[in-house]
Amino acid sequence: MKITDAKVFVGGPGKNYVTLKIMTDQGVYGLGDATLNNRETLPAAYLQDFLIPNLIGLDPRKSEDIWQFFYRGAYFRGGPIAMAAYGAIDMALWDIKGKLAGMPLYQLFGGKSREGAMVYAHATGADLEDLMDSIAHYVEKGYKAVRVQCGIPGMPSASYAVPEHKGAGKHYISDFSGIRPKVEVWDTGRYMRYMPGALAEIRDRFGPDLHILHDVHHRLLPREAAEFAKAVEPAGLFWLEDPTPAEDQDALGLLRAHATVPIAIGEVFNSIWDCNKLIEKELIDFIRVAVTYAGGITPVKRIVDLAGMHHVRTGFHGAPSHSPLCMAAQAHLNAWAPNFGIQEYLVLGTPACDALFPSDHRMENGLFHVSDAPGLGVDFNELEAARYKYTPGSHPIVRLEDGTLWNY
Ligand SMILES: [Mg+2]
């Protein structure tokens with residue numbers, strides 16, 4: 001069996017999805033997602049210029065050897081661009097493997113460990129009352145877990161993932177289109193003084209059963225993160241996400257020494273080497289890698305197994321930049337993983353997105369139910385894809401009030 005051709009598509013409804021389609025001499029094809037948010041053309045170019053010419057003629061069933069060929073075979077290894085491209089290839093090869101076996105991928109991993117996988121939604125508000133309305137909206141829809149972000153009184157601009165105007169919280173996506181990034185202004189003191197009380201009010205309002213998550217988005221220094229984690233303990237969070245940038249991983253020991261709030265980190269990680277220390281030292285409780293950015297199902301399954309040895313559960317990244325293909329790869333891992341925790345899930349199921357990526361994966365009452373179709377269980381409509389073109393975009397950047405550049 002041989003790979004005969006592969007194509008890359010860039011575009012989609014409101015997002016520049018990078019979709020890889022690998023064709024074989026037996027008519028079976030595989031699909032993968034290489035979408036690197038706001039840098040989408042880079043993995044697409046790496047696939048087109050280098051990886052696809054090397055794929056032609058290989059046996060698509062040898063997904064492990066092909067992964068090693070690209071990763072270990074590269075002199076300059078890793079990084080988000082390369083790993084997103086390898087991730088798409090690996091997903092597509094697993095898709096082919098499942099189709100050849102006539103089985104959904106979760107069966108190849110070891111079968112289902114649960115019927116539905118708990119997901120969390122993003123509730124946001126320009127202020128706390130606005131956020132309360134947004135949380136209530138998701139609770140009414142059956143969500144058991146909600147990430148909560150709100151505007152901070154006196155903050156010079158909307159804080160992380162928060163709309164500038166009230167009422168936008170139910171559909172708010174914080175991405176910004178345009179090649180030059182929008183500038184947000186951050187004030188650590190105001191955030192640290194306000195947010196613990198806001199989280200306590202949310203807990204009071206929604207009771208003990210709702211899982212509440214909060215994302216600091218790398219904004220605090222290690223000592224500040226330790227103080228903040230201690231201050232939010234009474235709110236009983238499901239997790240506190242990215243309290244500090246994870247470049248200085250030993251710094252998390254300070255936070256661990258002062259608070260028991262569960263910590264989730266890893267959405268920007270690209271390999272097991274980015275997270276093995278955090279997992280082995282048990283400095284985190286949830287690992288947030290994404291199948292696309294961390295190089296595919298093959299390496300992420302190894303991360304899940306390593307995490308399981310250290311009581312670390314999964315909480316895969318699920319920003320709207322991931323196409324339904326990456327979300328499907330993660331859904332199959334979520335169905336299987338004995339150490340599954342939760343899945344971030346931003347509703348992808350718009351009619352336009354469903355037309356581009358038809359599937360029967362489904363969400364019900366805050367649980368994701370994985371499809372039983374062979375492979376990933378998601379198809380790709382090339383006629384629909386022809387309607388879309390690439391639109392440049394950028395994440396915002398963050399500055400302190402005096403102009404100092406800060407962590408987005
Ligand atoms: Mg995050």
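Computed from a predicted model, the values in this text were never measured in an experiment. Numbering of ligands and ligand atoms starts at 1, following listing order. Hydrogens, waters and symmetry mates are skipped; everything else that's a heavy atom, side chains included, is used.
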Problem - Residue pairs involving residues 301-310 (criterion side chain to side chain donor-acceptor pair (under 3.5 Å); sequence neighbours excluded) - result: E64-R302, E282-H310
Exercise for the section: Less than 2.8 Å from the Mg ion (ligand 1) is the window; count the protein N, O or S atoms in it. Expected result: 3
Fill in the blank from the handout: Contacts satisfying salt bridge (charged side-chain N to carboxylate O under 4.0 Å, His left out) that involve residues 283-297 (not counting sequence neighbours) are E241-R288, R256-D285, E267-R288, R288-E344
Problem - Cation-pi check, K144 onto F238 ring (under 6.0 Å, within 45° of axis) - result: no
Handout entry: Results of side-chain contact (heavy atoms from CB on, under 4.5 Å) for D402 - residues two or more places apart only
Key = L400, T404
Handout entry: Heavy-atom neighbours of R190 CZ exceed 12 at 6.0 Å
Key = yes
Exercise for the section: Could you check if a side-chain atom of Y408 sits within less than 4.5 angstrom of a side-chain atom of I397, using non-hydrogen atoms only? Expected result: no
